[in-house]
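All remarks here apply to the structure that follows.
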There are 2 protein chains.
Amino acid sequence: MKLDERKRFILKAIIDDYIFSAEPIGSRTIARKYNMGISPATIRNEMADLEEMGYLEQPYTSSGRVPSDKGYRFYVDFLMKNEKLTEKEISEISGVFKKKITEIEDVIEQATKVLSDMTNYTSLVLGPQLNKSSLKHLQILPIDEGKALVIVVTNTGLVEHCFIKVPIEFTGSDLTRISNLINSKVQGLSINKITPSLLSKLKKEIINMDDVIDLVMNITIQSLNKLDGNKIYLGGATNLLSHPEFKDIDKAKKFLLFLEEKQILYNILTEASFSNEDLVVTIGSENKYELVQDCSLITTTYKVAGKTIGIIGVLGPTRMDYSKVISVVDYIKLIMNKIFSELFNDDK
Amino acid sequence: MKLDERKRFILKAIIDDYIFSAEPIGSRTIARKYNMGISPATIRNEMADLEEMGYLEQPYTSSGRVPSDKGYRFYVDFLMKNEKLTEKEISEISGVFKKKITEIEDVIEQATKVLSDMTNYTSLVLGPQLNKSSLKHLQILPIDEGKALVIVVTNTGLVEHCFIKVPIEFTGSDLTRISNLINSKVQGLSINKITPSLLSKLKKEIINMDDVIDLVMNITIQSLNKLDGNKIYLGGATNLLSHPEFKDIDKAKKFLLFLEEKQILYNILTEASFSNEDLVVTIGSENKYELVQDCSLITTTYKVAGKTIGIIGVLGPTRMDYSKVISVVDYIKLIMNKIFSELFNDDK
DNA sequence: ATTAGCACTCTATCCAGGAGAGTGCTAATC
DNA sequence: GATTAGCACTCTCCTGGATAGAGTGCTAAT
């Protein structure tokens with residue numbers, strides 16, 4: 001049985017209302033609010049149909065109706081109208097990113113904050129995954145006797161450092177020489193091109209320095225991995241406490257602890273982005289992890305030159321303002337694409 | 001009127017019990033639990049006295065008694081017995097710090113985590129304040145045409161970096177020369193020694209490079225400031241939700257938002273540490289900020305070579321296990337002192 | 001097909017009553 | 001004079017019943 005025009009209208013009305021009020025919606029409410037020219041009784045019949053078809057649920061006998069996950073899915077896919085951001089919202093978002101930005105991390109942090117502020121839900125951002133990034137420059141600086149600092153710079157402008165121990169007899173120019181050698185061999189290579197065989201070739205060229213080479217290369221690889229963007233940024237965790245879904249303190253606590261499990265968040269984000277869709281909405285029980293099965297997640301990927309380099313998402317209760325969140329997520333994605341494209345091209 | 005032995009015993013018994021149970025304590029409870037050889041009626045009289053003197057309070061007429069802030073103060077200063085950490089706790093704490101530690105930030109993060117885990121309250125750590133730290137090494141690396149990376153290393157082993165724009169005609173050796181010049185003048189100087197007059201002297205020596213010098217020095221100063229440890233680390237914020245004091249979701253939310261105000265936390269921590277005491281306990285209304293006036297804060301400072309370089313603290317409800325927290329804070333402070341002394345001496 | 005009418009269901013709220021914990025006071029006791 | 005038993009009293013918390021309110025489902029009329 002397909003949903004006719006009237007059923008769709010009623011379903012949409014109920015979900016719109018429920019998203020706003022968080023209370024079960026009754027037939028009279030709908031009849032009063034939308035002047036449809038039909039009586040509550042008719043609406044009741046339609047609602048009974050919609051329930052039988054699985055789009056609505058009743059918290060208890062003869063209470064009002066509440067959308068089911070299937071209902072939300074239909075709403076998101078077919079009913080919801082595309083809400084445009086207001087001028088004010090657009091300027092608010094743009095304003096945040098107007099400040100001059102030098103560090104990639106700043107962009108991410110701003111995005112995280114503005115995502116949660118604008119939606120009043122919790123935002124998740126997966127930092128740029130730069131396994132497509134490559135080594136731009138490597139430098140070993142002498143610091144103390146027997147101690148040196150390795151600096152790794154990627155073509156994407158990320159910098160990582162680490163102290164290492166070196167044989168005490170090494171001078172600064174020794175280290176510079178090693179840096180130059182490594183640079184000449186490895187510069188421009190992406191991380192997955194730096195293989196053991198390459199390393200052993202390198203070692204042959206720098207005789208008697210095996211230990212240092214090993215150490216430096218390990219650190220380089222580690223650094224590149226570290227910069228690989230596996231870091232999850234989290235914003236507005238406390239926002240969730242304003243929603244009635246989390247009025248139970250125990251549930252709220254469980255959820256906040258859940259948000260500290262970065263590995264799980266990482267999985268959730270990346271799994272969602274496997275889809276071909278540009279923007280993915282995962283509703284309630286569609287989620288794998290039990291604790292978020294009464295939540296919905298809206299994610300999208302940000303890109304540079306057509307390549308996905310990271311993910312942003314918003315997590316909130318299933319009763320989420322999908323339209324609003326989709327608009328915000330989409331707009332912020334666009335801004336991030338722009339900023340990163342500029343940053344990376346600048347860097348070439 | 002001074003507190004005689006028996007009043008002290010009763011006050012201590014009530015506070016001990018209340019810290020454990022979070023319920024108002026009645027005379028019968030005390031009589032039954034501690035076989036004092038006196039009847040509940042006698043204890044009742046003593047409790048009435050203690051209330052009149054301001055050490056106890058009654059939530060409502062003829063309910064049991066609850067400690068007042070004054071009561072807690074007396075308890076902390078005179079009554080509380082010094083709880084020793086168990087073997088298990090000691091090995092648990094030490095275990096966390098056993099992993100090899102290379103970065104100062106790791107130490108701080110570990111300390112934050114273990115502080116909150118061991119106490120089940122919220123931990124605050126103010127990172128090493130290194131305005132006593134000095135410039136160890138400065139290096140400008142060419143990255144792209146017209147673009148360079150400034151690396152600043154302090155004697156305390158912290159590293160900061162920043163990209164700058166340089167005149168396009170500068171070569172790598174130009175930059176190295178500038179680095180060397182700056183190094184020779186500024187190396188070893190603490191940040192407050194880097195004055196405008198010193199800078200203008202520097203500029204005279206490197207003619208025609210005013211702009212770059214300015215830029216680099218600004219970044220150096222900024223970096224040193226940034227490394228200055230004003231960063232607040234926060235641990236176990238959700239721990240507070242387990243305590244009945246925060247069972248009201250609204251209060252919990254307010255509190256969690258409060259914990260995001262790093263500037264205020266910074267003030268709270270530093271103000272507490274102005275005291276001459278090694279370990280400072282600030283109880284309830286002794287706190288300046290209204291939102292924490294039903295909380296207590298226990299802070300201490302960690303040092304290197306007798307110099308205070310940072311602060312650690314635990315924030316929890318006034319009904320806090322003072323004895324336990326003091327032991328934990330104290331022990332972790334000792335470990336941090338040791339680790340930092342080693343780290344910094346290593347660095348000389 | 002729609003709707004008015006009505007009986008019915010379930011929740012939430014209010015209120016009264018009783019149990020329970022605890023106090024304060026008084027008078028008796030040590 | 002300190003201590004205590006006894007007792008009336010206070011206040012909270014829990015329970016259960018009564019009621020109002022929102023909303024449904026069904027039936028019969030339109």
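So that the names make sense, note that chain A is the first sequence line, chain B the second, and so on, each numbered from 1. Predicted model only: the values in this text are computed from it and were never measured.
Across every strand in view, dA21(C) sits in a pair with dT10(D) that passes the Watson-Crick or G-U test at under 3.5 angstrom. Using N1 to N3 plus N6-O4 or O6-N4 for Watson-Crick, or N1-O2 and O6-N3 for G-U wobble, each under 3.5 Å, dC15(C) pairs with dG16(D). Summarising the base pairing, dA28(D) is matched to dT3(C) through a Watson-Crick or G-U wobble pair whose two defining distances lie under 3.5 Å.
Nearest heavy atom pair, residue Ser273(B) against residue Ile311(B), reads OG-CD1, 3.3 Å.
Side-chain contact of Tyr72(A) with Ser296(A): a donor-acceptor pair under 3.5 Å is absent, judged by distance alone. Looking at Thr119(A) and Lys324(A), their side chains never bring a donor and an acceptor atom within 3.5 Å of each other.
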Under 4.0 Å protein heavy-atom contact, by nucleotide of nucleotides 7-24 of chain C - B base, S sugar-phosphate only:
--BSS----------BBB

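Straight-line distance from the CD1 atom of Ile38(B) to the P atom of dC30(C): 18 Å, rounded to whole Å. The distance between atom CE of Met36(A) and atom P of dT3(C), rounded to the nearest whole Å, is 10 Å. Regarding Arg6(B), its CZ atom lies at a distance of 10 Å from the P atom of dA2(D), rounded to whole Å. Distance CD (Glu52(B)) to P (dC25(C)): 11 Å, rounded to an integer number of Å. Atom C1' of nucleotide dT4(D) and atom CD of Glu46(B) are separated by 13 Å, given to the nearest angstrom.
Of the residues Leu124(A), Val314(A), Thr122(A), the one that meets the side-chain contact (heavy atoms from CB on, under 4.5 Å) test with Leu297(A) is Leu124(A).
Formation of a donor-acceptor pair under 3.5 Å by the His243(B) side chain with backbone atoms of Gly316(B) is not found in this model.
Atom-to-atom distance recorded for Gln263(A):CD and Leu265(A):CG is 9.5 Å, nearest 0.5 angstrom.
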